[in-house]
Protein chains: 2
Amino acid sequence: MPTVSDVARAAGVSRQTVSNVLNSPEIVREETRTRVAAAIAELGYRPHASARRLRTRRASTIAVRLDPFAGGISGAVLDRFLHALTERAEARGLSVMLYTAKDAADEIRQFQRLVDGAAVDAFVLASTYDGDPRTEWLIEHGQPFVTFGRPWGIADLDDPLHFWVDVDGRAGVAEAVRRLRGSGARTIGFLGWPAGSGTGDERRAGWAAGVAEGDREGGVVTEGPRAEPARLSAESEESVAAARAATRRLLAQASDLDALVAVSDTLALGALIETGGSLPVVGFDNTPVAEAIGFSSIDQRVDEVAAAALELLELVGRSEAGDPRSHRLITPEVIMRPPGPALGLVG
Amino acid sequence: MPTVSDVARAAGVSRQTVSNVLNSPEIVREETRTRVAAAIAELGYRPHASARRLRTRRASTIAVRLDPFAGGISGAVLDRFLHALTERAEARGLSVMLYTAKDAADEIRQFQRLVDGAAVDAFVLASTYDGDPRTEWLIEHGQPFVTFGRPWGIADLDDPLHFWVDVDGRAGVAEAVRRLRGSGARTIGFLGWPAGSGTGDERRAGWAAGVAEGDREGGVVTEGPRAEPARLSAESEESVAAARAATRRLLAQASDLDALVAVSDTLALGALIETGGSLPVVGFDNTPVAEAIGFSSIDQRVDEVAAAALELLELVGRSEAGDPRSHRLITPEVIMRPPGPALGLVG
DNA sequence: CTGTTAGCGCCTTCAG
DNA sequence: CTGAAGGCGCTAACAG
């Protein structure tokens, strides 16, 4: 492989000029630049990434953790995010490197390894939780990072050192309720996870807000039964079987249900199976199953998330306290699919 | 960060000795080794990956293409493979780097980029096809690679330069037929892709073999109707809707069907929906959907595939013509799940 | 704008 | 077994 020296010799300039043409072309005279470019093309020169890394002390690589495949229908969201991230990163001249970890402590050891070896110069984390030691470590060690998922500690939400992107589940679910009402549904239930998961609580709040909004519009008093959503909501673990049971409970306590919003496609599927498709159900994540079976779902728009994450990475370190640019909330998209016939569970 | 020189000074040895302790500890005297190790631990020294790469001209990194998310239920298999690969690679001191490509030509450009930049020193390709230009390029340029998927050109199957791992779909489907028969089914149909896809044809062949085997055991003459499988087989595109239509056709021409094997979980799902769960159906890929809904499926054992792929990578270049070690066929696992009630489509 | 000088941290000679 | 040089390919500083 030719090196900068070869190119320099061929173009009749110094090595440094070649380097300039590649890294700061604007400071090189037009004529010289084209001559060098010609030599580069002719020799088929390609910069040697390792050498550049050693010199610049930057890897132009971001690390992403790949969990040991949790399974479940919704596990695929992170994979989709990864696809999107890889594509966007490439466009910015960044590479994506993967690592795995058993737990947070193990992951921190991986941080050490990757940082010390200068293999990587930024991290993208998913699935953050309250008091996450990983973000603490990264902040403490001055490592640039972005999380997909907001920090769930209240005080951290505006931490200018914590750059995050998240999907506004609350807005998404509220919009789904609106859409269901638009197509005639009046009593809309919710199938959620047990309280305590930040994500799930947000989505439930979105449903409650959507229902309250409908009640106001419909002239229902705030104390009325439809404005008290507890009766219309049930909790379930993330499994189809549990979702079926929860749906049964829900129908028992609210036989007037017109439609359901579920916190995940897994739960939505359970509800669909249990009801035989007689009720419109909206899931969350717009997984391949939703598409295959043909039920409505809320898409996280991982593509936007990936783009935002990379934008934020560029700001890391340059942000002031309270800078709103240190985080980004993406509004998901409600994908409505015609109910009933497409499902084929009833007929 | 401390460097080898710092460690050497602290331990009172030369830089080279430190390097030896790290790379070929057996040639260093025990006592020196422990002294150096102590210095390493005390200073918190970590080798600098970029510097090492520059010197050794090896990246210890393998590249994997991440497709722009094809969607579909079965797309997840590659993701699962990626998870497994990352884990296994890490254990061997290798990193996994991702790239994307629009088409084969684009992918070859990526090869160029990654190879010339010395960012990567081996490739793992998935979804190979007959006359794949990618493998040709890699062989021509002496780049180590393994494919997940056998080369579908007949002449290439034993090419000692083409290292591949694949899942034995034929054996898997034959075993599924056997298992269905074991639980009482006598007339077992097949729902496949249109002929021409290597993978699909193999799976169909496995079904035909399994049926013929059952006929022999049952004392049926080879010319009998059950030994002529055409009637029991239908073709469908990879979509739930198409699978439902194909299932209808199949039932029309073979109303005596006891069970079905499908070439994919998508088609299996279509068959299940169409039959309302009244027939046992075995899918392929053991996707989360199969697990969630509870139907049987054939698992590709991506973990074994990943392990085999990495083993093969170590052999690349050292293999002689006809060396059977240049490829590996993994037998998939048939996961039987109790039918009917778990599905909940009927009751 | 261009050229010169000096390493980045490591490992592979080659002598001791 | 250990130590002394040299250089992988690149770019940050400076001097012209």
Side-chain angles (χ1 to χ4, degrees), chain A residues 1-40 43-61 93 95 113-121, chain B residues 1-37 39-40 43-61 93 95 112-121:
Chain A
M1 292 302 305
T3 75
V4 272
S5 301
D6 299 324
V7 175
R9 204 173 315 116
V13 298
S14 80
R15 290 188 312 196
Q16 181 48 25
T17 304
V18 177
S19 177
N20 284 339
V21 169
L22 277 102
N23 301 303
S24 8
E26 67 281 1
I27 71 165
V28 181
R29 198 189 349 160
E30 167 90 36
E31 185 238 318
T32 320
R33 204 190 315 154
T34 53
R35 206 170 64 225
V36 172
I40 288 179
L43 297 180
Y45 165 82
R46 311 286 250 134
H48 193 284
S50 303
R52 172 177 284 169
R53 280 183 198 184
L54 176 57
R55 193 61 181 91
T56 61
R57 318 195 68 77
R58 269 182 297 126
S60 299
T61 301
S95 302
R113 181 178 68 88
L114 293 166
V115 167
D116 291 349
V120 140
D121 38 34
Chain B
M1 293 301 304
T3 75
V4 272
S5 302
D6 298 325
V7 175
R9 202 174 316 115
V13 298
S14 79
R15 290 188 313 194
Q16 180 46 26
T17 305
V18 178
S19 178
N20 284 339
V21 169
L22 279 107
N23 301 305
S24 9
E26 67 280 2
I27 70 165
V28 180
R29 198 187 352 160
E30 167 90 33
E31 184 240 314
T32 319
R33 204 190 315 155
T34 51
R35 205 172 62 226
V36 172
I40 288 178
L43 297 181
Y45 165 82
R46 311 284 251 136
H48 193 284
S50 303
R52 172 178 282 168
R53 281 183 197 185
L54 176 58
R55 193 61 181 88
T56 61
R57 319 195 66 78
R58 268 183 298 125
S60 298
T61 301
S95 302
Q112 282 281 11
R113 181 178 67 88
L114 294 167
V115 167
D116 293 349
V120 139
D121 38 34

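This is a predicted model, so every value here is computed, not measured. Within every chain, numbering begins at 1; the chains are lettered A, B, ... in the order of the sequence lines, protein sequences first and strands thereafter. Any value given below was found using the heavy atoms of this structure, including those in side chains, with hydrogens, waters and symmetry copies removed.
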Return no unless some side-chain N or O of Ser14(B) is found under 4.0 Å from OP1 or OP2 of dG3(D). yes
Rounded to the nearest 0.5 Å, what separates atom CG in Asp6(B) from atom CE in Met1(B)? 10.0 Å
Measure the distance from CD on Glu30(B) to C1' on dC1(D) and round it to the nearest whole Å. 14 Å
Closest listed nucleotide, where the reference is the side chain of His48(B) and the choices are dT11(D), dC10(C), dT2(D): dC10(C)
Just call it for Ser50(B): base, sugar-phosphate, or nothing, with non-hydrogen atoms closer than 4.0 Å on any strand. nothing
Is any side-chain N or O of Asn20(B) closer than 4.0 Å to OP1 or OP2 of dT2(D)? no
Could one point to a donor on the side chain of Arg15(B) or the base of dG6(D) with an acceptor on the other under 3.5 Å away? yes
Rounded to the nearest 0.5 Å, what separation is found between the CG atom of Asp116(B) and the CZ atom of Arg113(B)? 10.5 Å
Looking at every strand, decide which applies to Ile27(A) at a 4.0 Å heavy-atom threshold: base, sugar-phosphate, or nothing. sugar-phosphate
In this structure, how many angstroms lie between the P atom of dG9(C) and the CG atom of Leu22(B), rounded? 16 Å
Leu54(A) has an atom CG; how far is it from atom C1' of dG9(C), in whole Å? 6 Å
Classify the side chain of Arg52(B) versus the base of dC10(C) as yes if they form a donor-acceptor pair under 3.5 Å and no if they do not. no
Between atom CG in Asn23(A) and atom P in dA12(D), what is the gap in whole Å? 7 Å
Does any part of the side chain of Arg35(B), heavy atoms only, come nearer than 4.5 Å to the side chain of Thr17(B), both counted from C-beta? no
With rounding to the nearest 0.5 angstrom, report the CZ to NE2 distance, Arg53(B) to His48(A). 10.0 Å
Roughly, in whole Å, what's the span from CG in Asp6(B) to P in dC8(C)? 11 Å
Just jot down the side chain to side chain donor-acceptor pair (under 3.5 Å) partners of Ser95(B), sequence neighbours excluded, or say none. none
Between dC1(D) atom P and Glu26(B) atom CD, what is the distance in whole Å? 10 Å
Tell me, with the steps shown, if Ile40(B) and Leu22(B) meet side-chain contact (heavy atoms from CB on, under 4.5 Å). CA-CA 10 Å; Ile40(B) 288 178; Leu22(B) 279 107; 4.0 Å; yes
Between dG3(C), dC1(C), dC10(D), which nucleotide gets closest to the side-chain atoms of Gln16(A)? dG3(C)
Closest nucleotide among dG9(D), dG3(C), dC10(C) to the Val13(A) side chain: dG3(C)
At less than 4.0 Å, is any side-chain N or O atom of Arg29(B) found next to OP1 or OP2 of dT2(D)? Yes or no. yes
How do Thr17(B) and Arg55(B) order along DNA chain D: which one's closest nucleotide is nearer the 5' end? Thr17(B)
side-chain N/O Thr32(A) vs dT2(C) OP1/OP2, d < 4.0 Å: yes
Arg53(B) atom CZ is separated from dC8(C) atom C1', nearest whole Å, by 15 Å
Considering only dT2(D), dC10(D), dG9(D), which nucleotide approaches the side chain of Pro47(A) most closely? dC10(D)
Quickly work out the Asp116(A) CG to dG9(C) P distance and round it to whole Å. 13 Å
